[in-house]
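Okay, so here's the structure we're looking at.
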Amino acid sequence: MAGRVTAVSSNGSYSFSKPNRESVTLLAGLGVEGDVHAGETIRHQFRMTYEPDLPNLRQVHLMHEELFDELALKGFAVSAGQLGENITTRGVDLLGLPTGTLLHLGEQAVVEVTGLRNPCAKINDFRQGLLGEVFVLDPVSGDFTFKSGIMAVVRHGGPVRPYDPIEVELPPAPHRPLERV
């Protein structure tokens with residue numbers, strides 16, 4: 001399985017969207033250099049109020065560009081960084097990866113997949129009705145499908161740029177499916 005980075009984004013302050021950059025630097029154990037969500041402990045604005053000392057399993061947010069294609073067919077114009085992701089990808093089934101997968105980004109950076117992004121209601125502030133497209137309830141099974149990307153921690157730092165290759169290294173079996181973090 002191989003893919004590529006299509007965009008990188010970061011923001012030093014809390015906001016829903018993140019501006020695209022020419023490159024970002026991943027810092028081992030922290031996240032994206034200069035990004036508001038970088039840190040060893042939880043940096044998610046809401047969760048910091050009640051879980052401030054828990055490890056930050058959401059250092060890097062990755063989202064598959066194929067989601068934007070799917071949303072466009074439903075009338076939603078969304079582009080890289082607008083849903084708050086740091087790294088936008090193409091050609092990797094991010095949502096199908098098991099927990100613990102290593103993603104080699106470019107020449108140096110390596111992130112470990114920790115789980116699914118739990119989309120928040122702010123998505124509807126960005127585009128009304130969008131939450132229902134990225135957070136879907138199966139009426140038969142009662143299970144939710146989370147489509148708004150995955151979260152990871154940085155295992156090895158380095159620069160990441162658009163067009164960098166992505167190599168996928170699966171963890172040893174048995175594989176654990178992704179859960180929201």
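Just so it is clear, the model here is predicted, and its values are computed rather than measured.
Around atom CD of Glu70, more than 12 heavy atoms belonging to other residues, nucleotides or ligands sit under 6.0 Å away.
Between the side chain of Glu33 and the backbone N or O of Leu27, no donor-acceptor pair lies under 3.5 Å. Checked by atom type and distance alone, the side chain of Arg58 never pairs as donor or acceptor with a backbone atom of His37 at under 3.5 Å. No donor-acceptor pair closer than 3.5 Å links the side chain of Glu133 to the backbone N or O of Leu130. Judged by distance alone, with hydrogens and angles left aside, the side-chain atoms of Thr89 form no donor-acceptor pair with the main-chain N or O of Arg4 at under 3.5 Å. Side-chain atoms of Asn11 do not come within 3.5 Å of backbone N or O of Val36 as any donor-acceptor pair. Side chain of His61 to backbone of Ser148: a donor-acceptor contact under 3.5 angstrom is found. Checked by atom type and distance alone, the side chain of Thr41 never pairs as donor or acceptor with a backbone atom of Asp53 at under 3.5 Å. Within the 3.5 Å criterion, the main-chain N or O of Leu57 finds a donor-acceptor partner in the side chain of Thr114.
The heavy-atom pair separating Val154 from Gly31 by the smallest distance is CG2-CA, 3.7 Å. Nearest heavy atom pair, residue Leu131 against residue Pro119, reads CD1-CB, 3.9 Å. The two residues Val32 and Ser10 come nearest to each other via the heavy atoms CG1-CB, 3.9 Å. Nearest heavy atoms, Phe68 versus Ala80: CE1-N, 3.6 Å. Shortest non-hydrogen contact noted between Asn86 and Lys18 is ND2-NZ, 3.5 Å. Nearest approach of Gly149 to His64, heavy atoms of both residues: N-CE1, 4.5 Å.
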Return all side-chain donor-acceptor pairs below 3.5 angstrom for residues 98-109, not counting sequence neighbours, or 'none' if the list is empty.
{"from": "Thr99", "atom 1": "OG1", "to": "Arg176", "atom 2": "O", "distance (Å)": "3.4"}
{"from": "Thr99", "atom 1": "OG1", "to": "Pro177", "atom 2": "O", "distance (Å)": "3.3"}
{"from": "Thr101", "atom 1": "OG1", "to": "Pro98", "atom 2": "O", "distance (Å)": "2.7"}
{"from": "His104", "atom 1": "NE2", "to": "Glu169", "atom 2": "OE1", "distance (Å)": "2.7"}

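A continuous path of ILVMFWY side-chain contacts below 4.5 Å connects Leu67 to Phe16, so both sit in one hydrophobic cluster. Leu170 is connected to Val113 through a chain of hydrophobic side-chain contacts under 4.5 Å among Ile, Leu, Val, Met, Phe, Trp and Tyr, so both are in one cluster. Grouping the Ile, Leu, Val, Met, Phe, Trp and Tyr side chains by contacts below 4.5 angstrom, directly or via other members, places Ile87 apart from Leu30. Linking ILVMFWY residues whenever their side-chain heavy atoms come closer than 4.5 Å, directly or via other members, places Phe144 and Ile150 in the same cluster. Hydrophobic clustering (side-chain heavy atoms under 4.5 Å, transitive across Ile, Leu, Val, Met, Phe, Trp, Tyr) keeps Val110 apart from Val60.
Within the structure, the side chain to side chain donor-acceptor pair (under 3.5 Å) test picks out the following pairs touching residues 150-165 (sequence neighbours left out): Glu112-Arg155.
The shortest distance between side-chain heavy atoms of Arg117 and Phe146 does not fall below 4.5 Å. By the 4.5 Å heavy-atom criterion applied to side chains, Arg180 and Met151 are not counted as neighbours. Counting heavy atoms from C-beta outward, Ile166 and Val5 have side chains that approach closer than 4.5 Å. Side-chain contact between Leu83 and Phe126 is present, with at least one heavy-atom pair separated by less than 4.5 Å. Using a 4.5 Å heavy-atom cutoff, the side chains of Val8 and Thr88 are not in contact. With a 4.5 Å cut-off on side-chain heavy atoms, Thr25 and Val160 do not count as touching.
In this view, Phe76 satisfies the ring pair (Phe, Tyr, Trp, His ring centres under 6.0 Å) rule with no residue, not counting sequence neighbours.
One distance of note links CG of Leu54 with CD of Glu40; it measures 13.5 Å at 0.5 Å rounding.
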Stepwise, does the salt bridge (charged side-chain N to carboxylate O under 4.0 Å, His left out) test hold for Lys74 with Asp69? CA-CA 9 Å; Lys74 297 178 180 186; Asp69 300 338; over 6 Å; no
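For the residue pair Ser9 / Asn20, a side-chain donor-acceptor distance below 3.5 Å is found, with atom types taken as modelled.
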